[in-house]
Amino acid sequence: MTPPVRRPRRLRATPAIRRLVAETRVHPAQLLLPVFVADGLSEPRSISSMPGVVQHTLDSVRAEASRAVDAGLGGIVLFGVPEPDDKDTTGSAGYSDDGILNRAIAAVRSETGDDLPIFADTCLDEFTDHGHCGVLADDGSVANDATVELYVRQAVSQARAGAHFVAPSGMMDGQVAAIRSGLDLAGYEGVGILAYAVKYASAFFGPFREAVGSSLRGDRRAYQQDPANRREGRLEASLDELEGADMLMVKPASHYLDVLADVAAQSRVPVAAYQVSGEYAMIAAAAERGWIDREAALTEAVTAIVRAGADIVLTYAALDLAGWLR
Ligand code: PBG
């Protein structure tokens, strides 16, 4: 055979050479840790469908936030889990100042101050007794504009509690613009918006529904996007950017790398991607059975998400990754 002119294997020969030519580097500072905080818990409770992830108490979330600072993470994303009795048709525990999420924000802010950016999930699904992300119209659909008004109340209450960023995840039309002006009117022009701009109606949210004790029957296909659609992701991303989002998110991540690459190419603001509960659970569960290497698989998955264009990655494995990357 004629010897090959190009030999790409030269650059793969040793770990030191591979490290030198790596095109993608994942750094703890670009990782956000999503965390669940449950009301009425006396100690952390494990979530069976998400091995290694727990529902925190107000005390244990402070300790988790301190660990996140020590690990050099980019921030923490807080989700509240109310007591079942506190759920109602409008999700009022989601925007009352003494709701579990607002108390968790305040607890973390008093623990870590400005050392750890705090992102609050701005959505009502954890707090409604029907499990939908907003209030229902007479025909049973989620009423867009009435829901957005409640998101504005919720975002303002989260800013008051000490959130650095609110993260609207309900996929209502116009939610980013309304929240931006609501925050500004309330004097919180310094509080930012991480917009769940491109969010698909995904089966990979399954374990999250256990994590937050969701009451949902049915699905969210009338407001979250159809997994079949790619171009629509570009539309949703540009709308949220124009409406004033400080950062955009694509969610889920691993099965939507094409969409993520599109959004990264067009966006003028930082782009985040969310490795969601099902993506995490598949790897964690297979690793528990010895079928896959947890560290290698999670590192590969997150590297691929960054390679596709994410500046920021939300991952339940953020603390583990920070340790492995060190
Ligand atoms: C809505 C919300 C969901 C997730 C994040 N925010 C659930 C949903 O849209 O059904 C899912 C996150 C995950 O699966 O890890 N508040």
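For ligands, and for the atoms within them, numbers begin at 1 and follow the listed sequence. Along the sequence shown, the residues carry numbers beginning at 1. Heavy atoms only: backbone and side chains are in, while hydrogens, waters and symmetry mates are out.
Atom numbering of ligand 1 starts at 1 in the shown order; those under 4.0 Å from a heavy atom of Lys199 are 1 (C), 2 (C), 3 (C), 6 (N), 8 (C), 9 (O). Numbered from 1 in the order shown, with element, the atoms of ligand 1 that lie under 4.0 Å from a heavy atom of Asp121 read 6 (N), 16 (N). Of all atoms in ligand 1, listed by their number and element, those nearer than 4.0 Å to a heavy atom of Gln224 are 8 (C), 9 (O). In summary, the atoms of ligand 1 found under 4.0 Å from a heavy atom of Tyr316, numbered by their order in the structure, are 12 (C), 13 (C), 15 (O). When each atom of ligand 1 is checked for a heavy atom of Tyr274 under 4.0 Å away, the hits are 12 (C), 15 (O).
The shortest contact between atom 4 (C) of ligand 1 and any protein heavy atom is with Lys251 NZ, 2.6 Å. Of the protein's non-hydrogen atoms, Asp125 OD1, 2.6 Å is the one closest to atom 16 (N) of ligand 1. Among all protein heavy atoms, the one lying closest to atom 14 (O) of ligand 1 is Ser277 OG, 2.7 Å. Summary of contacts: the protein heavy atom closest to atom 8 (C) of ligand 1 is Arg220 NE, 3.4 Å. Phe208 CD1, 3.3 Å is the protein heavy atom nearest to atom 12 (C) of ligand 1.
Centroid-to-centroid, the aromatic rings of Phe204 and His255 come within less than 6.0 Å. Separation of the Phe208 and Phe36 ring centroids falls under the 6.0 Å cut-off.
Checked for salt-bridge contact, Arg268 and Glu241 meet the test: a charged N lies under 4.0 Å from a carboxylate O. For Arg230 and Asp262, the salt-bridge test passes: some basic side-chain N is under 4.0 Å from an acidic carboxylate O. Ion pairing of Arg160 with Asp97 is present here, as a side-chain N (NZ or NE/NH1/NH2) and a carboxylate O approach within less than 4.0 Å.
Here the straight-line distance linking atom CG of Leu31 with atom CG of Leu325 works out to 7.0 Å at 0.5 Å rounding. Rounded to the nearest 0.5 angstrom, Glu279 CD and Ile305 CD1 are separated by 5.5 Å. Note that CD1 of Ile76 and CZ of Phe165 are 14.5 Å apart. Values are rounded to the nearest 0.5 Å.
Contact between Arg209 and ligand 1 is present, with at least one heavy atom of the residue lying under 4.0 Å from the ligand. Ligand 1 lies within reach of Glu126, whose nearest heavy atom is under 4.0 Å from it. In this structure, Tyr280 does not count as a contact residue of ligand 1, since none of its heavy atoms falls inside 4.0 Å of the ligand. Residue contacts with ligand 1: Gln275 is excluded, as none of its non-hydrogen atoms falls under 4.0 Å.
In this structure, Asp139 places its CG atom where more than 12 heavy-atom neighbours from other residues, nucleotides or ligands lie under 6.0 Å away.
Residue-level proximity to ligand 1 for Leu216 is absent, since no heavy atom of it falls below 4.0 angstrom. Both the backbone and the side chain of Val276 come within 4.0 Å of ligand 1, counting heavy atoms alone.
Cation-pi contact between Lys199 and Tyr223: absent, since separation from the ring centre below 6.0 Å together with deviation from the ring axis within 45° is not met.
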